[in-house]
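One structure below.
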Number of protein chains: 2
Amino acid sequence: MTHRAPFDFFTRSAFGIEPGSHIGTQLEGLASRIDLSKGQTAPLDNRSDRIVFVASGATKLVAQASEQRQQIVAFHFDGDIVSVPADGLFANSVTALRHSELLVFPAREFFDSAAGEARIARSLLERLPIALQRCRDRAVALGQGSATERLAGFLLAMSERIGRADADHCELDLPMSRKEIGESLGLTIETVSRQFGVLRELGLIKTQGRSRVTIFDRDMLSRKAGHLHQTQKTSGNPTN
Amino acid sequence: MTHRAPFDFFTRSAFGIEPGSHIGTQLEGLASRIDLSKGQTAPLDNRSDRIVFVASGATKLVAQASEQRQQIVAFHFDGDIVSVPADGLFANSVTALRHSELLVFPAREFFDSAAGEARIARSLLERLPIALQRCRDRAVALGQGSATERLAGFLLAMSERIGRADADHCELDLPMSRKEIGESLGLTIETVSRQFGVLRELGLIKTQGRSRVTIFDRDMLSRKAGHLHQTQKTSGNPTN
DNA sequence: CGCTTAATTGAGAGCCTTCAATCATCGTGG
DNA sequence: CCACGATGATTGAAGGCTCTCAATTAAGCG
């Protein structure tokens, strides 16, 4: 990738605008390009909000309360846009799970520019509620779900984002360690490992090596995750 | 309030635009006005996303996995904008904690209109990341925090949104029951009650009746919540 | 003032965590 | 290509925190 390839990918893939357009150059002026190798943390100024575009790679967004206690708030992959707030209740940071290329924007200026361009604004208004919904689903899982349910839900979510569906079963190469899965689900390494064992013995998944997971029965896994199913969906409420 | 007062309040307070403007009428055409009394659930069509504006009152956004298991995803108050997705992993609903006036928009059309109006787009791009951040903070609390930490964090968050700060201490009238607090924090009624007791015996709060809470020591409460404090904030990282 | 519902308090059970040890994986060097 | 070492993952046993079940007390409304 040349030095400006990430930005072109950004404008095109994220917003469907051609590089070189007025708004494109405007946004490019705001961007800082960052290259992270595995395990590196992006040097973000935590005094104001940032918008980070993951051009390639895989990253984790980490919230840190104390030195010892940290939680992974979200994982992000190629083409994802991440909203990274200034430190609030917790300190936030973006760390690469593998080599990643990022574009970093100051949030305020980015939104100022984006708001004036209908196409970009529309795209952001499309993406942000999705991120919000992902976060809510996670919050529900963290609040209500058992360890097994959390891991089942995690595997399903990951398979939808980075899985390779192959007929009935689905292959998955997890770019994160058990420790990181645990930090994302609010569980310990050991519990995560035990739950992998549970799902394995139920015949729902197979694991090969540290990162390869094969999902045999998506539907049953979804049931184990405590997710809503067709039969139990609230029947259409006509008003509105 | 007259029948169109909520909408005028909506355009003005949420976006700073005057009623009667082109975009104002356009949005008004999309809106359905809903009046909910305490305990009532908004009759939302769960087949597509909605945007709900809480003109007055207090509401809870509930995610329901099964009949028995439901979690409160967020509370909303006067002037809040709520993004209510179509049923995904869980079914979503909006229920009034007390009498509330809502404006309901179909999300797609709402965003289509909003994207073309820089002022509105900018305002939404301001609000959505805040909602996202609130959700993330909750997710961290649910994933990592003990029962005491969760309640402490909850009380702080509520005091910031609906508390009356009075010199050193802060008074709070909680519009939700212990059950609803529990459903929001992923705890049982009993545990919530016990944690109120813990915070009370620590001298951090006082409770009067079912809903009145007085916070004596915000700072200590914040510490109990496991939140980041000035002394432990990561020192400014200059790059970017 | 009495009744209904919500909140508090107590005792025991279950799930996850913690601590500890063993095993597997994978990158490295021979 | 294999052996080796380091790190990550798995497995086991004991303890703690929250949940469950049950009873009592308090609050708020008619």
Side-chain angles (χ1 to χ4, degrees), chain A residues 37-39 60 68-72 97-99 141-155 172-202 205-213 224 226, chain B residues 37-39 60 66 68-72 97-99 141-155 172-202 205-214 224 226:
Chain A
S37 48
K38 180 174 178 171
K60 57 177 175 180
Q68 308 301 322
R69 294 157 44 109
Q70 60 176 37
Q71 166 130 4
I72 294 175
L97 299 176
R98 57 170 176 253
H99 177 265
L142 292 178
Q144 304 274 33
S146 66
T148 313
E149 289 171 320
R150 294 187 205 181
L151 183 61
F154 171 82
L155 290 176
L172 198 54
D173 279 308
L174 296 176
M176 67 289 284
S177 66
R178 298 284 187 270
K179 179 157 179 285
E180 287 165 323
I181 295 174
E183 284 173 352
S184 139
L185 299 179
L187 300 171
T188 58
I189 294 182
E190 296 93 327
T191 301
V192 171
S193 184
R194 278 184 254 269
Q195 302 316 315
F196 264 109
V198 170
L199 296 179
R200 220 182 292 125
E201 286 178 19
L202 285 172
I205 64 167
K206 180 178 71 175
T207 58
Q208 299 155 264
R210 285 173 181 159
S211 60
R212 171 68 56 88
V213 177
K224 262 270 166 287
Chain B
S37 48
K38 180 173 178 174
K60 57 177 175 180
S66 65
Q68 308 301 322
R69 292 155 47 106
Q70 62 176 38
Q71 166 130 5
I72 293 175
L97 299 176
R98 57 171 176 253
H99 177 264
L142 292 179
Q144 303 274 34
S146 67
T148 312
E149 288 171 321
R150 295 187 204 180
L151 184 61
F154 171 82
L155 291 176
L172 197 54
D173 279 308
L174 297 176
M176 67 289 285
S177 66
R178 297 284 186 272
K179 181 160 180 284
E180 287 166 323
I181 295 174
E183 284 173 353
S184 139
L185 299 178
L187 301 171
T188 59
I189 296 181
E190 295 93 327
T191 301
V192 170
S193 183
R194 278 185 255 269
Q195 303 317 315
F196 264 108
V198 170
L199 296 178
R200 221 183 289 126
E201 286 178 20
L202 284 171
I205 64 168
K206 181 177 69 172
T207 58
Q208 299 155 264
R210 286 172 181 163
S211 60
R212 173 67 56 87
V213 177
T214 309
K224 262 273 166 284

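Residue numbers begin at 1 in each chain, while the letters A, B, ... track the order of the sequences.
- Rounded to whole Å, atom P of D:dA27 lies 16 Å from atom CG of B:Leu174.
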Using atom names, set out every protein N or O paired with an N or O of nucleotides 20-24 of chain D below 3.5 Å, distance rounded to 0.1 Å.
unit_1, atom_1, unit_2, atom_2, d
D:dT20, O4, B:Arg194, NH2, 3.1
D:dC21, N4, B:Glu190, OE2, 2.9

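- When DNA chain C is scanned in the 5' to 3' direction for atoms under 4.0 Å from non-hydrogen atoms of chain A, the outermost contacting nucleotides are C:dC16 to C:dC26.
- Going from atom CD of A:Gln195 over to atom P of D:dA9 covers 16 Å, rounded to whole Å.
- Applying a 4.0 Å cut-off to non-hydrogen atoms, the residues of residues 145-155 of chain B that approach DNA chain D are B:Ser146, B:Ala147, listed by residue number.
- Looking at B:Arg150, its side chain does come within 3.5 Å of a backbone N or O of B:Gly145 through a donor-acceptor pair.
- For A:Arg200, there are no salt bridge (Lys or Arg N to Asp or Glu O under 4.0 Å) partners at least two apart in sequence or on another chain.
- Between A:Leu187 atom CG and D:dC17 atom C1' there is a gap of 15 Å when expressed in whole angstrom units.
- D:dT10 atom C1' lies 14 Å from atom CD1 of A:Ile205, rounded to whole Å.
- Looking at heavy-atom distances under 4.0 Å, B:Gly182 makes no contact with the nucleic acid at all.
- Partners of B:Thr148 by side-chain contact (heavy atoms from CB on, under 4.5 Å), not counting sequence neighbours, listed by chain and number: B:Ser146, B:Gln195, B:Val198, B:Leu199, B:Lys224.
- In this structure, A:Thr188 OG1 and A:Arg194 CZ are separated by 7.0 Å, a value rounded to the nearest 0.5 Å.
- Minimum interatomic distance between A:Gln144 and A:Glu149 (heavy atoms only, all atoms of both residues): O-OE1, 4.1 Å.
- Contact between B:Gly182 and B:Val192 at its shortest, heavy atoms only, is CA-CG2, 3.6 Å.
- In this structure, the side chains of B:Leu142 and B:Gln71 come closer than 4.5 Å at one or more pairs of heavy atoms.
- Taking five base pairs at each end of the helix from C:dC1-D:dG30 to C:dG30-D:dC1 and finding the rotation axis that steps the C1' atoms of four pairs onto the next four gives two axes whose angle is 50°, to the nearest 10°.
- By the 4.5 Å heavy-atom criterion applied to side chains, B:Ile181 and B:Phe196 are counted as neighbours.
- When heavy atoms are screened at a 4.0 angstrom cut-off, A:Arg212 is found touching no nucleic acid atom at all.
- For the side-chain contact (heavy atoms from CB on, under 4.5 Å) test, no residue two or more places apart in sequence or in another chain qualifies with B:Lys38.
- In this structure, A:Leu174 CG and A:Phe154 CZ are separated by 5.5 Å, a value rounded to the nearest 0.5 Å.
- Applying the side chain to side chain donor-acceptor pair (under 3.5 Å) criterion to B:Ser193, with sequence neighbours excluded, gives no partner residue.
- In this structure B:Arg210 satisfies the side-chain contact (heavy atoms from CB on, under 4.5 Å) test with no other residue, sequence neighbours excluded.
- Here A:Gln70 pairs with A:Gln64, A:Glu183 under the side chain to side chain donor-acceptor pair (under 3.5 Å) rule; sequence neighbours left out.
- We find the CZ-OG1 distance between B:Arg212 and B:Thr207 to be 11.5 Å, quoted to the nearest 0.5 Å.
- Between B:Gln144 atom CD and D:dC17 atom P there is a gap of 16 Å when expressed in whole angstrom units.
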Protein N or O to nucleotides 5-8 of chain D N or O, pairs below 3.5 Å:
unit_1, atom_1, unit_2, atom_2, d
D:dT7, O2, A:Arg210, NH2, 3.3

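- The distance from atom CD1 of B:Ile72 to atom NZ of B:Lys179, rounded to the nearest 0.5 Å, is 8.0 Å.
- Residues B:Gly209 and A:Ile189 each lie close to DNA chain D; by heavy-atom proximity, the contact nearer the 5' end of the strand is made by A:Ile189.
- When the side-chain contact (heavy atoms from CB on, under 4.5 Å) test is applied to A:Leu97, the partners found at least two apart in sequence or on another chain are A:Ala58, A:Lys60, A:Phe75, A:Pro175, A:Met176, A:Glu180.
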